[in-house]
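The sequence lines fix the lettering, A, B, ..., with proteins before strands; numbering per chain opens at 1.
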Amino acid sequence: MTVKIAEVIVDVAAYPVDRPFDYLIPVEMQELIECGSRVRVPFGPRSVLGFVVSIKNETDLSIAKLKPITKLLDIEPVLTSEMLTLAKWLKHETICYEIDVLQAMLPSALRAKYEKFVSLQVNVEQLSFLLQPYFTKTKKVNYKIFEKDQLLHELKIAIKQNQVVIENVVKQQGNIKEVRKVKINDSREALQSIYENISNRAKKQKLLVEWMMNHVDEVFEPKEILDEVNCSDAVLHSVMELGAAEFIHEEVFRDVFTKDVKKTDFLDLTEEQAGALKQVINAMEQKVPETFLLHGITGSGKTEIYLQAIEHCLNDGKEAIVLVPEISLTPQMTERFRSRFGEQVAVMHSGLSVGEKYDEWRKIHEGRVKVVVGARSAVFAPFENVGILIIDEEHESTYKQEDTPRYHARDVAVWRSKYHQCPVILGSATPSLESFARAKKNVYKLLTLKNRAVSHSLLPEVQIVDMREELKNGNRSMFSEKLVEAIRVRLEKKEQMVLFLNRRGYSSFVMCRDCGTVVQCENCDISLTYHRSNEKLKCHYCGFEQWVPTTCPECQSDHIRYFGTGTQKVEEEIAKLFPEARVLRMDVDTTKTKGSHEQILEMFGDGKADILLGTQMIAKGLDFPNITLVGVLSADTSLHLPDFRSAEKTFQLLTQVSGRAGRHSLPGEVFIQTYTPEHYAIELAKVQQYEPFYEREMWTRHQAGYPPYYYLALIQISHEDVLMASEYAGKAADYLRSNLSFNVSIIGPTASSISRLQNRYRYQCLIKYKVEPNLIDTFIQLIKIYRSDWIKKGIQLSVDLNPSSI
DNA sequence: AGCACGCCGACT
DNA sequence: GTCGGCGTGCTC
């Protein structure tokens, strides 16, 4: 018999081991192990988790050198061969370790958890008396305890004397939720004989077994039986002791859907919608991996097109993947999918617990569902027969992962569409410039929806309010007179409104009124944010917290107070202006707990509040018929960020929020307050015209040499010491300058916009290029230098290809 | 990445 | 003489 050898990628993220290692497959596993299986293997002196990426009969090494696989972790492989191929591509595309990609494809529950245990080898009395108390009850104690109690030295001596050994245990994090059920004996005769042996005095027991005889081999929940037979659990237990039934453990799927939804039917499509849908269906039928850019104004019914395309896909026996930006923010969206496709839908988003995510993943893996609606990582849904991939709000930056593997879900979707020969739909009211430019060049196929789907619903009227004028007239509040008046009218008419405060960075900080000192984070060069709920100052970047100081840390003055306008402050101001208004606030503070999004939105939907006040998170997907006013308190904040996409982001945001108003029969009105009303992003958001904005912004990008005209790569270098950071950032820039061609421009190094983060000084280099075939290879060379030399000096280097922001 | 191995200086 | 510091190199 030939030997079977598995190539395994081990769970160690390091450059020298970022390649497959050969292992012998033990005979008993030969029928079970497949490509994509998770295994445990010995690796050097330890035991680690790994993924089988191929199986072969020979090896370049001597067979004697190979170690056998210790354990097969799953009967069914967790990764499809598609995922293994995709991982190799993504690894190269994003310059990261293969193991990073493989991990990103799976729910975190399937990742390994390594735990060290100290195992006692002798009698407790033989141990040093310091260690004895730990081993009185058990022979295995978690290593961490000794670390915490600072007994490592004692432990070391005990190890030397062979009193204890260290055991490394690879654990699986995923805990499958189980319920205990009662399974009734599968033989009627056995039950009969049990029945006859029960004493006549035990009436309840007799009754119970009698009942069981009518339910041979069936499974019940204990409570069901007790209710049915009307007996106590003591009776059930004694009958089970006699062997009439046994407890079994059954896996359950945690139900992530909070409430039942009514089944809904298709909506009639407008001519525009039908035309767009037809093209998508054509591509599905012809099996063309075409990417469609569905550009439709807010309220034009993009979702209905998705739903009907999916319906077609399911009828064809295929599966569908739908990506939405951070889905927990849009419960209304998931509800629409669930109400149309019911139990065939799995939902994946960051609001779920590790266990819940794992359950949803298993539904996909086991083929129990046909549709997945999820955030970025759902693009890796392990379907094997994908018929369509849909990315809603295609322009959202959340589709790009910020840390390794720095993949873009759009790229992965397009890759998978080629693999499955199926179409992709990118949907947006305000497509990213990259995508729209590709559509113009016919790389993507453009589908346009110009009209709102619900007849009579018109685009809201948008008014720009120049806040400089307000200031001149002595109004120093957050609310312009026009907006105050509009709110008053709505309150009288009992209509609802949404007030939008641009981004959370615009929150309160604490400043000394005497010397102007703003309290900063100890670890980062960033102002601390004031959180009223617990009277603390918090760093949004590293999580650092401190009490609000009573005196200025610089000049000891006690004229120190908080400034700025977080949502909390706006809420107070509303309360002053309109004491009768019922306000719901939605921001990071009020949505910390699970399900609070849904709760707030439900309350608002039920008309329990007049005003919904919030940050980014309310911009998307809200669809309430009674909203007739949208107020943007300050449109400028995102405009002046040091990022080439700031105008694009502002335009997108304003268009999004404006779209919340007047979606149904009532007409909507939008007020945008700004200090720069003449900026094109704001002017064009007012008229809600995407194409003129696109043309104008493309011109700016062309002038400045930014995407889509150029590609970008961002190199970040950090070190605890400023000089080291800047020195090595310079070395990196020099290396790139001498190894890349002349038409690549390398900007920097410059200090990053947050120049110190978690006590590390940060420098960055921006690379702009059009075509540079050896770009990735040059980066890989640079990373090699970094890994072999710089890393020892404490330098950290990262490369982000096509960064979402700079 | 982790971990063992090994070579050198400071101690019971 | 031995303990323990960290530089070096390997992991099928």
To the nearest angstrom, how far is [X] atom [atom1] from [N] atom [atom2]?
| X | N | atom1 | atom2 | result |
| --- | --- | --- | --- | --- |
| Asp11(A) | dC12(C) | CG | P | 15 Å |
| Lys65(A) | dC12(C) | NZ | P | 8 Å |
| Tyr97(A) | dG2(B) | OH | C1' | 14 Å |
| Arg19(A) | dC10(C) | CZ | P | 11 Å |

* Answer with base, sugar-phosphate or nothing: what part of the nucleic acid does Phe43(A) contact at a heavy-atom distance below 4.0 Å? =>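 Base, at least one base atom sits under 4.0 Å.
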* Asked: How is Pro20(A) classified with respect to the nucleic acid when contacts are heavy atoms under 4.0 Å: base, sugar-phosphate, or nothing?
  ->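 The answer is nothing, as Pro20(A) stays clear of every strand by at least 4.0 Å.
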* Check whether the side chains of Ser718(A) and Gln716(A) place a donor and an acceptor atom closer than 3.5 Å, and report yes or no. =>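 Judged by distance alone, the side chains do not pair up.
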Extract all donor-acceptor atom pairs below 3.5 Å that involve side chains of residues 795-806 of chain A and protein atoms in other chains or at least two apart in sequence.
unit_1    : atom_1 : unit_2    : atom_2 : d
Asp800(A) : OD1    : Lys400(A) : NZ     : 2.6
Ser804(A) : OG     : Glu402(A) : OE2    : 3.0

* **Nearest-0.5 Å distance, CG of residue Asn759(A) to CZ of residue Arg756(A)** =>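 Asn759(A) CG to Arg756(A) CZ: 5.5 Å, rounded to 0.5 Å.
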* Does OP1 or OP2 of dC12(C) have a side-chain N or O of Lys67(A) closer than 4.0 Å? ->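 Lys67(A) to dC12(C) OP1/OP2: side-chain N or O found under 4.0 Å.
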* To do: When you get a sec, tell me which of dC12(C), dA4(B), dA1(B) is the closest nucleotide to the side chain of Pro45(A)?
  =>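 Nearest to the side-chain atoms of Pro45(A), counting from C-beta on, is dA4(B).
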* Decide yes or no, distance alone: a donor-acceptor N/O pair under 3.5 angstrom between the base of dA1(B) and the side-chain of Arg787(A). =>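 No, no donor-acceptor pair under 3.5 Å.
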* Lys768(A) to Tyr706(A), cation-pi by 6.0 Å centre distance and 45° axis angle ->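 The answer is yes; both the distance and angle limits are met.
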